[in-house]
*Asks:* 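Below: one structure in structure tokens.
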Amino acid sequence: MNRQITQKNFKNEVMQKSGLIIVEFYAHWSGTCQMMMPVYNQLAVFYSSAAGFYSVDVYNSPELKAQFGVTELPAILFFRNGNLVDYLAGAVSKNAFITKIENLITGI
């Protein structure tokens, strides 16, 4: 399941959690974000037992956007045990996204 988070709860929901957490930074006006959102939501359901999925609206949380140096949308950040371990930016294929998740789950 994909949940919205903000600066207020980011630390508790992402930085202090163990395991794999995937965070999408997006903007409603972005066509690329609108294109990627269904893929992100589908993978959030499919991988719900292996990872936590969250979304950050960059206009509601500009501090987080700046903190993580997000310059291209959507930006998908992968955290493991509170540490940023990888990311994807812009339009990526569903297969590339799946490969990234699978590699992080299996530790490759």
Side-chain angles (χ1 to χ4, degrees):
M1 184 169 107
N2 176 20
R3 295 181 14 202
Q4 291 287 320
I5 55 174
T6 64
Q7 178 73 32
K8 184 176 180 178
N9 59 352
F10 190 87
K11 184 177 179 182
N12 288 339
E13 296 296 331
V14 177
M15 304 305 287
Q16 295 180 341
K17 293 278 176 128
S18 61
L20 181 61
I21 304 292
I22 303 170
V23 181
E24 175 192 42
F25 286 75
Y26 75 96
H28 289 288
W29 55 261
S30 167
T32 307
C33 291
Q34 291 175 12
M35 181 181 71
M36 290 295 298
M37 187 68 73
V39 172
Y40 187 78
N41 289 335
Q42 182 184 24
L43 295 178
V45 171
F46 188 79
Y47 287 102
S48 64
S49 63
F53 284 77
Y54 298 91
S55 292
V56 173
D57 182 332
V58 296
Y59 283 97
N60 291 335
S61 298
E63 315 87 4
L64 289 174
K65 179 180 181 250
Q67 178 181 346
F68 292 103
V70 172
T71 58
E72 186 175 358
L73 297 175
I76 301 168
L77 281 58
F78 298 86
F79 294 85
R80 181 180 305 287
N81 302 326
N83 298 306
L84 179 63
V85 294
D86 213 337
Y87 71 94
L88 294 169
V92 296
S93 71
K94 183 177 179 180
N95 287 340
F97 197 173
I98 290 170
T99 298
K100 182 76 71 178
I101 294 170
E102 290 287 336
N103 288 343
L104 289 167
I105 290 171
T106 60
I108 295 175

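As the structure is a prediction and not an experimental result, all values here were calculated from the model.
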*Asks:* Roughly how far, to the nearest 0.5 Å, is CG of Asp86 from CD1 of Ile101?
*Replies:*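 Here the interatomic distance stands at 11.0 Å.
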
*Asks:* Would you find a donor on one side and an acceptor on the other, under 3.5 Å apart, between the side chain of Asn103 and the backbone of Lys100?
*Replies:*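 No; zero donor-acceptor contacts below 3.5 Å.
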
*Asks:* Should Val45 and Asn41 count as side-chain neighbours, where that means a heavy-atom distance under 4.5 Å?
*Replies:*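 Not touching, per the 4.5 Å side-chain cut-off.
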
*Asks:* Distance from Ile22 atom CD1 to Leu43 atom CG, nearest 0.5 Å?
*Replies:*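 So the CD1 of Ile22 and the CG of Leu43 are separated by 8.0 Å.
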
*Asks:* Quick one, Trp29 with Tyr59, criterion side-chain contact (heavy atoms from CB on, under 4.5 Å). Give me CA distance, side-chain angles, the key distance, then yes/no.
*Replies:* CA-CA 10 Å; Trp29 55 261; Tyr59 283 97; 2.8 Å; yes

*Asks:* Is the distance from the ring center of Tyr47 to that of Phe53 below 6.0 Å?
*Replies:*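 Aromatic pair excluded; centres sit 6.0 Å or further apart.
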
*Asks:* Could you give the distance from CG (Leu88) to CD (Glu24), rounded to the nearest 0.5 Å?
*Replies:*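 CD of Glu24 is found 11.0 Å from CG of Leu88.
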
*Asks:* How close do Ala27 and Val58 get, counting heavy atoms only, and between which atoms?
*Replies:*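 Smallest interatomic distance, heavy atoms only, reads CB-CG2, 4.0 Å.
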
*Asks:* Enter the distance from Ser55:OG to Asn60:CG here, rounded to the nearest 0.5 Å.
*Replies:*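 Between Ser55 OG and Asn60 CG, I get 12.0 Å after rounding to 0.5 Å.
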
*Asks:* Looking at His28, is its backbone amide N or carbonyl O close enough to the side chain of Gln34 to form a donor-acceptor pair, meaning the two atoms are under 3.5 Å apart?
*Replies:*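 Yes: the side chain of Gln34 pairs with the backbone of His28.
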
*Asks:* Do you reckon Ile98 sits in the same ILVMFWY cluster as Ile105, going by side-chain contacts under 4.5 Å, direct or chained?
*Replies:*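 Yes, one cluster joins them.
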
*Asks:* How are the rings of Phe25 and Phe10 set relative to one another: parallel (under 30°), tilted (30 to 60°) or perpendicular (over 60°)?
*Replies:*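 Ring orientation of Phe25 relative to Phe10: tilted.
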
*Asks:* Report, one line per pair, each donor and acceptor closer than 3.5 Å where one atom sits in a side chain of residues 11-18; sequence neighbours left out.
*Replies:*
| from | atom 1 | to | atom 2 | distance (Å) |
| --- | --- | --- | --- | --- |
| Glu13 | OE1 | Arg3 | NH2 | 3.0 |
| Glu13 | OE1 | Tyr54 | OH | 2.9 |
| Glu13 | OE2 | Arg3 | NH2 | 3.2 |

*Asks:* Does the side-chain contact (heavy atoms from CB on, under 4.5 Å) test come out yes or no for Tyr26 and Val56, once each step is laid out?
*Replies:* CA-CA 6 Å; Tyr26 75 96; Val56 173; 5.7 Å; no

*Asks:* Hydrophobic clusters here meaning ILVMFWY residues chained together by side-chain heavy-atom distances under 4.5 Å, can you tell me if Met37 and Phe97 are in one?
*Replies:*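 No: no chain of side-chain contacts under 4.5 Å links Met37 to Phe97.
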
*Asks:* What pairs of donor and acceptor atoms, side-chain ones from residues 66-85 against any protein atom, are under 3.5 angstrom apart with sequence neighbours left out?
*Replies:*
| from | atom 1 | to | atom 2 | distance (Å) |
| --- | --- | --- | --- | --- |
| Arg80 | NH2 | Leu104 | O | 2.0 |
| Asn81 | OD1 | Gly19 | N | 2.7 |

